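Presented below is the structure to which this report refers.
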There are 2 protein chains.
Amino acid sequence: MTLKHAILGLLNYEPMTGYDLKKTIDISINHFWPAVQSQIYTTLAKMEKEGWVTMETIPQESLPPRKVYSLTPTGRAEFVDWLTTPQPYGETRVAWLVQVFFAGQLDDQKALLLLHNLKSVFRQRLEGYASIPEDNRDSLRNDPPRDKFFWMLTVDFGVAQTISQIQWIDKVIHTVESREYILPTLAGDRS
Amino acid sequence: MTLKHAILGLLNYEPMTGYDLKKTIDISINHFWPAVQSQIYTTLAKMEKEGWVTMETIPQESLPPRKVYSLTPTGRAEFVDWLTTPQPYGETRVAWLVQVFFAGQLDDQKALLLLHNLKSVFRQRLEGYASIPEDNRDSLRNDPPRDKFFWMLTVDFGVAQTISQIQWIDKVIHTVESREYILPTLAGDRS
DNA sequence: AAATTCATGTAATAAGTTACATGATTCC
DNA sequence: GGAATCATGTAACTTATTACATGAATTT
């Protein structure tokens, strides 16, 4: 999985420019696959060379010409192939978890600061999810319900995951605050 | 966050060779920050140039000399600085979620195959976590309980998160199987 | 006899980030 | 008058992956 396949998936909905793609990514897969503007343009150029997309230049008065990219049959085949191939799980990099892993090398006060900061980040994220449906109402208005359903699934997942993270960090904070440095039970009371 | 800081954290426990680091990473932070062997060696070289670590060559009979890396005061300072700096959240890339996002572009049968595959991957991962405490019993035996505690926290998190993922995907599978393509409620019954 | 462990690396490539550059138009 | 929107890019750099290379000792 790379940005290439995300772009294939978006262009399979409708042809777009690099500029459109950036805006679409920002309001859709941004939470689990962000992309900066420059990478989108360079990636589109590579995809064109590979024959996955074609580009059509549409001149504009007093603005740079729009370069609209569309999937080729090759690109569509590549996309379906990727979509039906299980992705290697466990290659996800989570920087804040690395910090928690090493937090034992800080004193209690600093470790607790780290944990409390994390919790507030989690809470902010949860609030952010709450406003997504409204933000997307316009952009989703014309999509078929089935597409909408899968789109919203990932938001639903983000919410569930963030709630689970907050519950976990609450337990951690409590344990550190009460200095109960016992090993947490793995099959513990997580009901 | 990069591999550099993970290496700083591990070398702060004790000086190690690149070979040792690879083995240690594989049984510790691998789940949320994997590293291949070649990257570890090249990163150590860079860190030495930056003055974060020093290297001591220990000759061996009939084996290549061990190159043991230790933190310098600069390296230790950099580590503490990084550890107490909040990491940008939301840069985590999750390939399988991108697939779910685009699964609406498959027919029901193929989408369900994707979802069932994902579920079996989640279940396998959960089983994998169950065997971690035993695997690590030897390597952790001499560590102080406080270090052990933070180490095991990340395992505990992995378990909680995976359980949450399985619950989520069960709900998704059920919805697709019964063709209830309604938008999932965001504040729904996730108790 | 074959596989694994120990122990080191290099080279080529891919993927992603940061910073810079241009310029009209429209909204506040 | 200043900020945001539209629309394109390039260059330098960092980070990570894949593939190759060597060779003795030990375990199965």
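Throughout, a chain's letter reflects where its sequence line sits, starting with A, and its residues are numbered from 1. Just so you know, these numbers come straight off a predicted model, no measurement behind them.
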Within this structure, what is the CD-to-P distance between Glu91(B) and dT15(D), rounded to whole angstrom?
-> 13 Å

Length of the NZ-C1' vector between Lys4(B) and dT15(D), whole Å | 9 Å

For Glu50(A), which residues count as a side-chain hydrogen bond (donor to acceptor under 3.5 Å, both in side chains) partner, sequence neighbours excluded?
-> Lys4(A)

Any idea how Phe102(A) and Tyr13(B) line up, ring-wise: parallel (<30°), tilted (30 to 60°), or perpendicular (>60°)?
-> tilted

What is the ring orientation for Trp168(A) with Trp96(A), classed by angle as parallel under 30°, tilted 30 to 60°, or perpendicular over 60°?
-> tilted

Protein N or O to nucleotides 26-28 of chain D N or O, pairs below 3.5 Å:
none

For Ile25(B) and dT15(D), give me the distance from atom CD1 to atom P, rounded to whole Å.
-> 15 Å

Would you kindly give the CG-to-P distance between Leu44(A) and dT10(D), to the nearest whole Å?
-> 12 Å

Step-by-step ring-ring contact (aromatic ring centres under 6.0 Å, His included) determination, Phe157(A) to Phe32(A) = CA-CA 11 Å; Phe157(A) 172 78; Phe32(A) 40 93; 8.4 Å; no

For Ser131(B) and Gly128(B), which heavy atoms make the closest approach, and how far apart are they?
-> OG-O, 2.9 Å

Side-chain N,O (Arg93(B)) to OP1/OP2 (dT17(C)) below 4.0 Å | yes

Between dT17(C) (P) and Ile40(A) (CD1): distance, integer Å | 11 Å

Given that Thr42(B) and Pro34(A) both sit by DNA chain C, which one's nearest nucleotide is further toward the 5' end?
-> Thr42(B)

Could you check how far CD of Gln39(A) sits from P of dA14(C), rounded to whole Å?
-> 14 Å

List the atom pairs, donor and acceptor, that lie under 3.5 Å between side-chain atoms in residues 54-66 of chain A and the rest of the protein, sequence neighbours left out.
unit_1	atom_1	unit_2	atom_2	d
Gln60(A)	NE2	Pro64(A)	O	2.7
Arg66(A)	NH2	Asp20(A)	OD2	3.2

Please round to 10 degrees the angle between the axis of the first five pairs and the axis of the last five pairs in the helix from dA1(C)-dT28(D) to dC28(C)-dG1(D).
-> 50°

Which whole-number value in Å describes the distance from Glu50(B) CD to dC13(D) C1'?
-> 13 Å

Over how many whole Å does the gap from Leu3(A) atom CG to dA16(D) atom P extend?
-> 17 Å

When all nucleic acid strands are considered with a 4.0 Å heavy-atom cut-off, which category describes Lys22(A): base, sugar-phosphate, or nothing?
-> nothing

Candidate pair Leu44(A) and Leu21(A), rule side-chain contact (heavy atoms from CB on, under 4.5 Å), full reasoning | CA-CA 10 Å; Leu44(A) 280 170; Leu21(A) 279 166; 3.9 Å; yes

Give the ring-plane orientation class for Trp52(A) versus His5(A), where under 30° counts as parallel, over 60° as perpendicular and anything between as tilted.
-> tilted

Could you write out each protein N or O paired with an N or O of nucleotides 2-9 of chain C at a distance under 3.5 Å?
unit_1	atom_1	unit_2	atom_2	d
dC6(C)	OP2	Tyr19(B)	OH	2.9
dC6(C)	O5'	Tyr19(B)	OH	3.4
dA7(C)	OP1	Gln60(B)	OE1	2.7
dA7(C)	OP1	Gln60(B)	NE2	3.3
dA7(C)	OP2	Arg66(B)	NH1	3.1
dT8(C)	OP1	Lys67(B)	N	3.0
dT8(C)	OP2	Tyr19(B)	N	2.9
dT8(C)	OP2	Tyr41(B)	OH	2.7
dT8(C)	O5'	Tyr41(B)	OH	3.4
dT8(C)	O4	Gln37(B)	NE2	2.6
dG9(C)	OP1	Lys67(B)	NZ	2.4
dG9(C)	N7	Gln37(B)	NE2	3.1
dG9(C)	O6	Gln37(B)	OE1	3.3

All side-chain hydrogen bond (donor to acceptor under 3.5 Å, both in side chains) counterparts of Gln39(A), not counting sequence neighbours = none

